[in-house]
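When a residue number appears, it is its place in the shown sequence, counting from 1. Predicted, not measured: the structure shown is a model, and the values here were computed from it.
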Amino acid sequence: MADLTTGPTAVRVPRNLHHFSYDQALTPVVEVGDGATLVFETLDCFSNQVVSTDQRFPAESDLLDLIGAFNPVAGPVAIRGARPGDALAVTIRDIRLGTVAPYAVTLIHRDDELDAPLGDTRVCPIDGDTVSFPTSLGPLVLPTRPMVGSLGLAPSGEAFPSLLSHPRCGGNMDCQALRTGSVLVIPVEVVGGLLSLGDVHALMGDAEITGTALETNADVTVTVDLLPGAGTAMGTPHLDGPGHIGTVGCAHGTDVTANLRAAMRELHHRLTAEYGYRPAEAHHLLGAVAEVTVNQCVHGGWSSVHVAVPRYSLPTPLPEPSS
């Protein structure tokens, strides 16, 4: 296990220490304590191997011949004291895009209906908080919306690829709300949790219908806080922001409707258990103010849904039970 501490509270997780699965058998690259700040250095989902519009890939297998696997994630990081039944709160403090290669990449494979017989690749320069998307009509300068695509913990059961997601442990949720200022809470299933992060996007539309966003490398600063015993009753990850609380339905191989229901059930539970609403009241409240974002709706089993309610609809959270 490497000593990667760069200061009294900051720990860097280098992009060369990456892997392609969430797996309890992996050796942590570092162990940190509760409340630590980490900087995950990430590659893009193509391992920074796609650099030119001349690189076109008629089939996915052609791309995999170049990159080997999708979605490298940096880590894993063990959290000292984390045990099954706990939860880990990961706060996104900062996302710096294009730190080793100042561009984002998006691509599609062969699609005759889209007049792309060999596939199509776009390399989009990043300049500060904008990204330049090349088109036949000239470059389109768009504001970036940095987000983390893949963030999760190792499951207690079978490992899963970092390209996929897990109903409790997170992973490749591709949730636009996972951005600076958000807090993702994930149940811990193995000792140390084993946190990994990668697949940052400069920009992504709802549902990620092409299967690829504007993919880029980044430095992502997070803090981690251990919540003892909080994971026992969790069915899905929780994802809160400054103006809302929410949940994520992210079981891979499940359709959008099933993941929507899972997220709604979990949010209903939060409204009753954390905030004290009666079950019928929580149900009515979801019907009145719930906000639904389809993160993924991609052929092959990728679906993910974020459900949230605005904080103005919430009372003061219930106090923690006394021991």
Side-chain angles (χ1 to χ4, degrees), residues 1-42 71-95 148-160 162 165-173 175 178 180-200 218-240 247-248 250 320:
M1 190 182 301
D3 180 5
L4 304 175
T5 306
T6 58
T9 57
V11 176
R12 296 193 76 87
V13 185
R15 53 183 48 85
N16 64 300
L17 297 180
H18 64 264
H19 57 97
F20 295 91
S21 65
Y22 293 94
D23 185 349
Q24 63 177 319
L26 291 173
T27 301
V29 301
V30 68
E31 182 182 72
V32 299
D34 183 21
T37 297
L38 303 108
V39 180
F40 285 89
E41 302 175 354
T42 72
N71 274 28
V73 287
V77 173
I79 313 304
R80 193 175 305 114
R83 296 289 184 270
D86 296 339
L88 189 69
V90 183
T91 302
I92 309 295
R93 299 295 184 188
D94 185 50
I95 304 174
V148 176
S150 192
L151 192 164
L153 301 178
S156 59
E158 185 178 355
F160 64 98
S162 53
S165 56
H166 184 280
R168 296 185 81 238
C169 296
N172 189 39
M173 298 175 288
C175 186
L178 191 51
T180 299
S182 66
V183 181
L184 180 69
V185 181
I186 318 172
V188 174
E189 292 196 354
V190 302
V191 172
L194 300 184
L195 173 67
S196 299
L197 182 154
D199 186 34
V200 171
D219 286 1
V220 182
T221 303
V222 307
T223 53
V224 292
D225 293 288
L226 191 59
L227 307 176
T232 303
M234 290 178 63
T236 76
H238 298 175
L239 180 55
D240 300 345
T247 53
V248 185
C250 55
E320 294 291 330

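Residues Pro14 and Ala74 come closest through the heavy atom pair O-CB, 4.2 Å. Between Pro167 and Pro237, the closest heavy-atom pair is O-CD, 3.3 Å. Pairing each heavy atom of Ser196 with each of His19, the nearest pair is OG-NE2, 2.8 Å. Across Pro76 and Thr27, no two heavy atoms sit closer than the pair CD-O, 3.8 Å. Across all non-hydrogen atoms, the minimal contact from Gly35 to Asp225 is CA-OD1, 3.7 Å.
Interatomic distance, Cys169 SG to Met234 CE, rounded to the nearest 0.5 Å: 10.0 Å. To the nearest 0.5 Å, atoms CD (Glu189) and CZ (Arg83) are separated by 15.5 Å. Atom CG in Asn172 sits 7.5 Å away from atom OH in Tyr22 (nearest 0.5 Å). Between atom CD of residue Glu41 and atom CG of residue Leu17 there is a gap of 9.0 Å, rounded to the nearest 0.5 Å. The distance from atom OG1 of Thr37 to atom CG of Asp94, rounded to the nearest 0.5 Å, is 11.5 Å.
With a 4.5 Å cut-off on side-chain heavy atoms, Ile92 and Val222 count as touching. With contacts defined as side-chain heavy-atom distances shorter than 4.5 Å, the pair Pro84/Val191 qualifies.
Each of Val185, Val183, Ile186, Leu184 was compared with Leu239 under the side chain to side chain contact (heavy atoms under 4.5 Å, CB included) criterion, and only Leu184 meets it. Applying the side chain to side chain donor-acceptor pair (under 3.5 Å) test between Arg93 and each of Thr221, Thr180, Thr223 identifies Thr223 as the sole match.
Under the 3.5 Å distance criterion, the side-chain polar atoms of Glu31 are left unmatched by any main-chain donor or acceptor of Ala78. Using a distance-only test at 3.5 Å, with no hydrogens or angles considered, no donor-acceptor pair links the side chain of Ser150 to the main chain of Gly198. Not one N or O on the side chain of Arg15 forms a donor-acceptor pair closer than 3.5 Å with the backbone of Pro72. Side chain of Ser21 to main chain of Ala159: no donor-acceptor pair is present (N/O by atom type, distance under 3.5 Å, no hydrogens or angles). Side-chain atoms of Asn71 come within 3.5 Å of backbone N or O of Ser162 as a donor-acceptor pair. Remark: the backbone N or O of Gly229 is paired with a side-chain donor or acceptor of Asp86 at under 3.5 angstrom.
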- prompt: When you look at Val32 and Ile79, which way does the side chain to side chain contact (heavy atoms under 4.5 Å, CB included) test go after all the steps?
  reply: CA-CA 5 Å; Val32 299; Ile79 313 304; 3.7 Å; yes
- request: Please test Leu38 against Arg12 for side chain to side chain contact (heavy atoms under 4.5 Å, CB included), starting from the C-alpha separation and ending with a verdict.
  value: CA-CA 6 Å; Leu38 303 108; Arg12 296 193 76 87; over 6 Å; no
task: With side chain to side chain contact (heavy atoms under 4.5 Å, CB included) as the test, would you mind laying out the steps for Leu194 and Leu153 before giving the verdict?
output: CA-CA 5 Å; Leu194 300 184; Leu153 301 178; 5.9 Å; no
- request: Take Leu151 and Leu195 through the test side chain to side chain contact (heavy atoms under 4.5 Å, CB included) and record every step on the way to the result.
  value: CA-CA 7 Å; Leu151 192 164; Leu195 173 67; 3.6 Å; yes
